[in-house]
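Below, chain A is the first sequence line, B the second, and so on; all start at residue 1.
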Amino acid sequence: MERKTAMKRESFYISTPIYYVNGEPHLGHAYTSIVADVLARYHRQSGIPTFFMTGTDEHGQKVEEAARAAGKTPKEFTDGMAELFKPLWKELNISNDHFIRTTDEDHEAVVAEVWKKMTDNGDIYLGEYEDFYCVHDETFWKEGQLLEGHLCPNPWCRRPVEKRKEKSYFFRLSKYQQPLLDYYREHPDFVLPEYRMNEVTSFVNGGLQDLSISRTSFSWGIPVPGDAEHVIYVWVDALFNYVSGIGYKSDRSRYEKFWPATVHLIGKDILRFHAIYWPAFLMSVGLPLPQHVYAHGFWNIEGQKMSKSLGNWINPREMVQTFGLDAFRYYLLREIPLGPDGDFMRSSLLNRINSDLANDLGNLLSRSVSMGFKFVSGVVPQPASEPDNQVARKALAVYAAYRESMDDLKTNKALSDIWELVSYLNRYIDEKAPWVMARDASKKRELEIVMYNLLEALRLISVMLKPFMPDSALKMLQQLGYENPDCDFDVAGRWGVLSEGMKLQKGSVLFPRIDIETVENKESAVTENKNETANIEKPAAPAPLAVSAAPAEKTLPEGLIEYDDFAKVQLKVGLVLEAEKVEGADKLLKLKVDTGEERTIVAGIALHYKPEQIVGKNIIVVANLKPRKLRGIVSNGMLLAATQKDGKLAIVTTDGPIEGGSRVG
RNA sequence: GGCGGAGUAGCUCAGUUGGUUAGAGCAUGCGGCUCAUAUCCGCAGUGUCGGGGGUUCAAGUCCCUCCUCCGCUACCA
């Protein structure tokens with residue numbers, strides 16, 4: 001973000017996405033909320049009116065189904081789920097000013113109202129959405145996806161489907177293609193980081209189609225005004241939380257103060273909704289657009305994607321119990337910049353805690369306070385008469401860098417700025433060797449000044465750390481003798497705030513060093529607790545323990561796979577019965593193939609084979625590949641072909657005739 | 001296939017508009033201090049800055065090409 005932008009901020013409104021309540025909160029949710037919290041706390045400390053909102057997204061078919069499965073009404077179900085998120089945010093010290101639920105009455109009223117506005121502006125029209133329903137699979141398919149004879153394209157089903165023409169309301173998204181592109185050009189920092197802006201622009205450049213924004217297949221949602229058959233598409237519903245939640249209808253003065261939002265913090269997976277649909281909706285309703293949409297990355301776990309099936313789920317609550325809240329918050333913000341993906345590694349977490357927090361910062365505080373008691377009677381000594389000294393200059397330079405980093409939302413840079421001062425102070429102590437001065441009465445005054453510099457610099461560090469580690473920062477300030485500290489930057493962002501005579505306090509170790517044994521003991525304690533605390537509400541799969549210390553037992557040389565992996569691929573011989581060019585596509589042939597059963601395959605070989613050249617040939621088909629729609633036609637499998645360096649292509653076939661459907665492998 | 005990004009010390013990365021012996025943190029080795037959470041400080045390194053070619057007095061930094069990885073996207077499957 002440009003420095004200029006940052007300087008202009010008169011208010012700061014930051015949002016997280018509202019989290020969909022079909023699952024338990026995990027590391028990803030916690031990360032977004034913690035980042036938003038840090039930024040919100042920072043801006044409050046800067047004296048800027050701040051509003052920080054998070055909440056839950058509670059409508060939609062999945063919730064309706066999950067509720068039914070749990071034997072509850074949707075409302076009962078979502079009430080329970082919302083109560084799962086709120087206490088976690090408390091535990092993580094999330095300082096949101098409001099928690100919105102899309103089932104809130106005034107939210108629903110806002111959505112109905114904006115729907116009407118979009119209708120009045122001619123941006124919503126009733127159209128038809130032709131669907132084919134497979135009763136067995138309970139799935140809707142589009143015409144182009146079906147197999148010949150209107151059969152379900154699921155290879156394990158292939159039953160006849162029913163035609164279901166559904167009426168649906170559409171939003172004229174196509175109309176906003178150019179306005180969006182214009183807006184992006186005028187506001188190149190609308191989407192952050194920059195490379196995400198490029199992605200969005202190129203997507204919109206590729207053309208936008210009108211968006212189906214109502215459903216009749218389920219009822220758990222906000223009804224379309226004037227047409228109770230339909231409920232409003234969840235994303236229309238969900239996105240407007242950002243204005244309803246600050247009082248678009250219920251609290252106009254708050255709304256006026258904070259809208260447009262400063263930044264919507266989101267995960268990269270929902271960028272399209274926030275960077276394309278959302279601004280188009282707002283343009284249609286005639287509301288100003290948010291200043292920034294910031295898409296952050298995902299956390300991998302020990303190099304692998306986080307997934308339930310891998311069992312590497314990270315439960316934030318367990319992290320907090322094992323390592324402490326502030327250490328956890330610190331790690332998430334320090335380890336990676338806000339934007340790219342990160343890797344959550346146990347070893348790097350322990351490393352950060354032991355090196356940065358325990359050895360560098362914790363020990364610095366500890367040795368400083370201890371010297372305070374030994375050498376200057378446990379009170380803040382008199383500062384130097386001339387405040388211009390190297391420590392003050394260094395501290396203020398770091399402070400300035402920190403402010404700039406934070407204003408630019410570079411949280412990890414801000415933390416490394418702070419640590420520059422931390423290690424500077426450790427060096428300062430070594431150079432000055434206060435324990436030597438203490439033996440020499442003539443050095444008394446010099447010793448006092450060194451001690452003052454140390455304590456005051458530590459105070460400034462605490463103030464800078466407060467958005468990241470609110471509890472630890474306060475503990476630090478307490479030990480430094482600063483009772484009832486004022487941390488607002490206009491008061492605290494200066495040199496010389498600690499005053500002579502303030503009484504230091506001995507405190508407990510701020511960040512204990514962690515050794516592996518301790519961690520393992522704690523972890524087993526957490527596991528035992530879990531039986532008591534878990535399953536308050538929902539049928540969640542038992543969450544696996546923290547991060548597994550032991551990676552896979554055996555690792556294969558790079559690039560090799562197990563036989564089992566290969567065996568998943570089902571190869572069959574296919575006899576090509578018919579072939580024709582796909583209309584409107586240069587490279588695609590549509591093949592009808594006998595692989596024991598008849599199936600349609602779309603292959604990108606039209607530049608190399610004419611339809612008649614391939615009919616009657618045996619091909620090798622990957623038979624259990626997930627069906628995929630190409631140019632409106634569902635392809636059930638893929639044929640094998642070899643490509644030469646220069647692009648020449650030849651299909652793989654059998655040596656002599658063999659029955660279609662024969663297994664290959 | 002198209003567009004974009006990345007490939008720098010064992011690991012994670014920083015390197016602004018091309019300009020002195022290429023940096024930080026962690027890990028490793030040696031030395032020092034004792035106020036401190038066996039913590040801290042100092043020193044030592046190792047790098048053909050992905051490969052090749054080019055522009056320039058001068059390139060990690062610009063241009064071309066190739067390789068590998070990642071993101072988005074598509075008439076890849």
Detail all sub-3.5 Å separations between protein N/O atoms and N/O atoms belonging to nucleotides 73-76 of chain B.
residue, atom, partner, partner atom, Å
B/U73, OP1, A/Arg272, NH2, 2.0
B/C75, O2, A/Asp586, N, 2.7
B/C75, O2, A/Lys587, N, 3.3
B/C75, N3, A/Asp586, N, 3.3
B/C76, N4, A/Arg628, NH1, 3.2

In residues 473-482 of chain A, which residues come under 4.0 Å of RNA chain B by heavy atom?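 Contacts with RNA chain B under 4.0 Å: none.
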Once salt bridge (charged side-chain N to carboxylate O under 4.0 Å, His left out) is applied, do any residues pair with [X], and if so which ones, sequence neighbours excluded?
X: A/Lys587; result: none
X: A/Asp471; result: none
X: A/Glu335; result: A/Arg352
X: A/Lys394; result: A/Glu420

Tell me, for nucleotides 34-41 of chain B in 5' to 3' order, what letter each nucleotide earns: B for a base near a protein heavy atom under 4.0 Å, S for only sugar-phosphate near one, - for neither? SBBB-SBS
Does A/Arg196 reach a base, just sugar-phosphate, or nothing at all? Heavy atoms under 4.0 Å.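 Sugar-phosphate, backbone atoms only, no base.
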The criterion is ring-ring contact (aromatic ring centres under 6.0 Å, His included); which residues satisfy it with A/Tyr277, sequence neighbours excluded?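 A/Tyr277 satisfies ring-ring contact (aromatic ring centres under 6.0 Å, His included) with A/Phe273 once adjacent residues are dropped.
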Scan nucleotides 5-9 of chain B against the protein and return all N/O pairs shorter than 3.5 Å with their distances rounded to 0.1 Å.
none

Show me the pairs that pass side chain to side chain donor-acceptor pair (under 3.5 Å) and involve residues 194-203 of chain A, at least two apart or across chains.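 Passing the test, one end in residues 194-203 of chain A: A/Arg196-A/Glu199.
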Duplex segments of RNA chain B, taken as runs of at least three Watson-Crick or G-U pairs that stay under 3.5 Å: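 The stems are B:1-7 with B:67-73, B:10-13 with B:23-26, B:28-32 with B:40-44, B:50-54 with B:62-66.
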I need the CG-C1' distance between A/Asp356 and B/A27, as an integer number of Å.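 Value for this atom pair: 14 Å.
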Tell me: CG of A/Asn351 to P of B/G10, nearest whole Å?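 Answer to the nearest Å: 18 Å.
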Please enumerate all residues that pass side-chain contact (heavy atoms from CB on, under 4.5 Å) together with A/Ala438, with sequence neighbours excluded.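 Counting only residues at least two positions away or on another chain, A/Ala438 forms a side-chain contact (heavy atoms from CB on, under 4.5 Å) with A/Phe375, A/Leu447.
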